[in-house]
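Every chain is numbered from 1 and lettered A, B, ... according to where its sequence line falls, protein lines coming before strand lines.
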Amino acid sequence: MSYWLVKSEPSAYSWDQLVKDKQTAWTGVRNYAARINLRAMKKGDEVLYYHSNEGVEIVGIAKVIKEAYQDPTIDDDRWVAVDIKAVKKLKNPVPLDILKKDKRFANMDLVRLGRLSVQTVKDDEWKMVMALAGE
DNA sequence: GCCAACGTTGGC
DNA sequence: GCCAACGTTGGC
């Protein structure tokens, strides 16, 4: 079981929208490093849901319900999508600046590789985020 | 809205 | 295959 983090701009697809839809196809990833991560996702893996641009914080937990398949939004079998569903909203969203200030997160992809849209989250990072979120 | 950081493209 | 130029992302 692995942990991940996906980013979305709320104006494009927010956490609330995911809750409303129950689940969604995570399509449109066009970045090599992000694709490696998408392909490594397994059914049941848990995913932090992060809002970029607005909020700039981790807002909820999602879960992988369908492993990588060809992205239906492009006619090119090199790109993949996964399906995720909403699990729960965090009691306390975890803002990026808290993570940046906390040395324990200095090596977290979210802090180091700001632009990567699908990231890995280590077990200890997951636990620390959960603690900060009051979960 | 600006701009730094990073990925991608394309000329050589 | 290198690297400059360009485009995009995303924090501020």
Original post:
Using a distance-only test with no angle check, is there a side-chain donor-acceptor pair under 3.5 angstrom linking T120(A) and N37(A)?
Top reply: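 Result is no, nothing qualifies.
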Subject >> Sequence-aligned protein contact record of nucleotides 5-12 of chain C, with B where the base is within under 4.0 Å of a protein heavy atom and S where only the sugar-phosphate is >> reply: --BBBBBS
**OP:** Hey, could you give me each pair passing side chain to side chain donor-acceptor pair (under 3.5 Å) that has a residue in residues 88-99 of chain A? Not counting sequence neighbours.
**Re:**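 Sorted pair list: K88(A)-E135(A).
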**OP:** If a pair satisfies ring pair (Phe, Tyr, Trp, His ring centres under 6.0 Å) and one of its residues is in residues 70-115 of chain A, list it, with sequence neighbours excluded.
**Re:**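 Residue pairs with at least one partner in residues 70-115 of chain A: there are none.
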Subject >> Pair listing, salt bridge (Lys or Arg N to Asp or Glu O under 4.0 Å) test, anchored in residues 5-23 of chain A, at least two apart >> reply: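 Listed once each, the pairs would be none.
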**OP:** Taking only Lys NZ, Arg NE, NH1 and NH2, and the carboxylate oxygens of Asp or Glu, determine whether K122(A) and D124(A) approach each other closer than 4.0 Å.
**Re:**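 No salt bridge links K122(A) with D124(A).
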Subject >> Under-4.0 Å salt bridge between K42(A) and D45(A) >> reply: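 Result for this pair is no, no salt bridge flagged.
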**OP:** Check ring pair (Phe, Tyr, Trp, His ring centres under 6.0 Å) between W26(A) and all other residues, then give those that pass, not counting sequence neighbours.
**Re:**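 So W26(A) forms a ring pair (Phe, Tyr, Trp, His ring centres under 6.0 Å) with Y49(A).
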Original post:
Angle, rounded to 10°, between the helical axes spanning five pairs at each terminus of the helix from dG1(B)-dC12(C) to dC12(B)-dG1(C)?
Top reply: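 Both end axes considered, the difference amounts to 10°.
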